[in-house]
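Indexing begins at 1, ligand by ligand and atom by atom, following the structure's order. Note that this is a predicted model, so its numbers are computed, not measured.
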Amino acid sequence: MNRREFIKLGSGIMATGAIASVMAGCESPAETPVIDRGKPIGLRFPPVLQGGTINASYGATELWPGTATNVLLLNQSYLGPSIVLQRGAQVNLNFMNALGEPSIIHWHGLNIPPKMDGHPMDAVPSGSNYQYSFSVNQRAGTYWYHAHPDLLTAKQAYLGFAGVVIVQDPEEQALSLPRGEFDVPLVIQDKRTTNASTEVPYAPSHEDKIAGYLGNEVFVNGTPNAFMDVQTGLYRFRVLNGSNARVYRLGFVDERIFHVIGTDGGLLDRPYEVRECFLAPGERVEILVRFSVSDISKSLLLESKEFSLAGSHGGNSSHQGEELRIITFNVKSESNQDLTIPSALSQFERLSEAGAVRERVFPLTMDHSRSQGIHMIDGKVFEMDRSDYQIPFGDLEVWEIQNQAEGMHSMHVHGAHFQILERRFAGQMTPVDYGWKDTVLVNDNETVRLAIRFDSFKGRYLFHCHFLEHEDDGMMVNIDVI
Ligand code: C2O
Ligand code: CU
Ligand code: CU
């Protein structure tokens with residue numbers, strides 16, 4: 001594996017010694033610790049993977065300094081290590097499962113063979129390992145990995161089984177984009193927290209399984225109440241929505257303009273100016289944000305702005321569309337980095353309806369008379385061994401996703417990227433819909449049309465909702481590329 005020095009290396013890695021000593025004392029807490037949730041915490045950066053093993057275990061970490069919280073650790077880190085790969089690199093990686101329950105790693109957005117993709121049928125029991133070996137053959141961009149075992153994906157991802165994968169290539173490296181400390185991954189995840197407890201347990205009610213498990217507080221790179229000290233200049237933030245079911249409407253409190261430069265499958269053709277963008281679970285957006293001299297000594301809050309959605313209340317007081325703070329950027333000092341925003345970024349093939357061989361319709365529906373398998377794709381609830389769709393290798397298809405299942409859904413495809421053609425009945429396309437995608441937000445009562453071509457590998461992949469409670473409920477189908 002080809003590894004490179006990464007952004008803010010080491011600056012936020014928690015000391016393992018401190019964690020170990022806290023863990024020793026957390027077996028039977030004598031008193032309930034009280035968390036000062038108002039205290040800002042410097043943004044953490046998971047370590048960059050420095051070896052061929054990812055070891056998953058349950059353990060404790062200091063989400064809030066000085067107190068231990070039970071989470072899921074990857075190589076003793078919360079969140080999982082970041083992985084930086086060059087296009088063309090060979091990845092050899094051993095997944096060691098020490099969770100006490102089955103698991104498997106899925107490489108979200110990577111074009112790799114079915115046996116490397118982390119289908120739940122390949123989940124390994126605790127005490128076993130799974131050997132990954134694949135080459136990186138795709139556009140530079142922000143991808144990620146997370147757990148994908150049947151029925152346990154939501155719990156494991158919520159508790160920390162997730163990390164960032166960054167792919168670089170010469171085309172992207174040749175552009176004058178922010179690098180080094182100006183290139184920052186932001187993994188945003190909502191959690192349920194209280195002042196009285198350091199635990200963030202995953203315990204969805206029936207209502208949560210329907211609305212999704214929504215939290216009241218957003219963690220960034222595993223950091224609650226996060227802030228980051230920045231300098232003046234242009235920053236590239238790689239924002240990944242790693243939440244189970246939370247849709248964000250990202251924007252700065254001061255309504256400043258920023259530029260969308262990339263989406264799930266890498267760079268767009270050019271930067272697009274916005275003041276806000278939606279980001280659904282599983283989606284990534286890369287944005288350029290400028291902090292100027294007049295911002296020095298300001299604290300600039302990136303938040304999720306309020307939006308309204310009928311029937312969005314889950315089993316707790318949190319609801320989809322509520323306003324949430326994400327991270328504060330404290331502009332500290334002047335740097336000599338003053339990059340201009342490139343006018344052009346990347347050239348890529350445009351898929352259109354015209355060349356499509358066939359069209360498929362996927363109605364998303366719900367059946368409230370059931371206690372599980374409530375969410376369906378085209379009337380189907382996930383079955384591990386059933387072949388749901390047979391898709392000829394290399395054929396361009398149009399897929400029409402019709403949301404007749406109340407609320408929002410975030411539909412994700414393994415094994416191929418697609419391009420969104422159209423949104424009908426609920427809204428317009430925005431820059432987060434542009435370019436190569438693997439995940440798309442489908443709004444309430446909306447129909448989304450996309451063009452897709454499976455031309456990487458044959459075999460069994462998946463199409464599912466990335467609201468992980470919906471996925472675990474069975475809102476997932478097998479896609480066989482033949
Ligand atoms: Cu990121 Cu099958 O999912
Ligand atoms: Cu995926
Ligand atoms: Cu869903």
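At a cut-off of 2.8 Å, His148 coordinates atom 2 (Cu) of ligand 1 through an N, O or S atom. The Cu ion (ligand 3) has Cys465 among its coordinating residues (N/O/S atom, backbone or side chain, under 2.8 Å). Metal site remark for the Cu ion (ligand 3): His470 contributes an N, O or S atom at a distance under 2.8 Å. Among the atoms of His108, no N, O or S atom is found under 2.8 Å from atom 2 (Cu) of ligand 1. At a cut-off of 2.8 Å, His466 does not coordinate the Cu ion (ligand 2) through any N, O or S atom. For the Cu ion (ligand 2), the set of nearby N, O or S atoms under 2.8 Å includes none belonging to His108.
If you look at His108 and His414, their ring centroids are not closer than 6.0 Å. His464 has its ring centre no less than 6.0 Å from the ring centre of His409. Aromatic ring centres of Tyr132 and Phe95: separated by at least 6.0 Å.
Stacking of Arg192 on the aromatic ring of Tyr213 is recorded, both the 6.0 Å distance cut-off and the 45° axial limit being met. A cation-pi arrangement is absent between Arg179 and Phe182, since the terminal nitrogen or guanidinium carbon is not both under 6.0 Å from the aromatic centre and inside a 45° cone about the axis.
Within His409, ND1 is the N, O or S atom that lies nearest to the Cu ion (ligand 3). Atom 2 (Cu) of ligand 1 sits nearest to atom NE2 when only the N, O or S atoms of His414 are considered.
Rounded to 10°, the angle formed at the Cu ion (ligand 2) by NE2 of His412 and NE2 of His106 is 160°.
Proximity of a side-chain donor or acceptor of Asp472 to a complementary backbone N or O of Glu469 within less than 3.5 Å is not detected. Side-chain atoms of Arg44 come within 3.5 Å of backbone N or O of Leu63 as a donor-acceptor pair.
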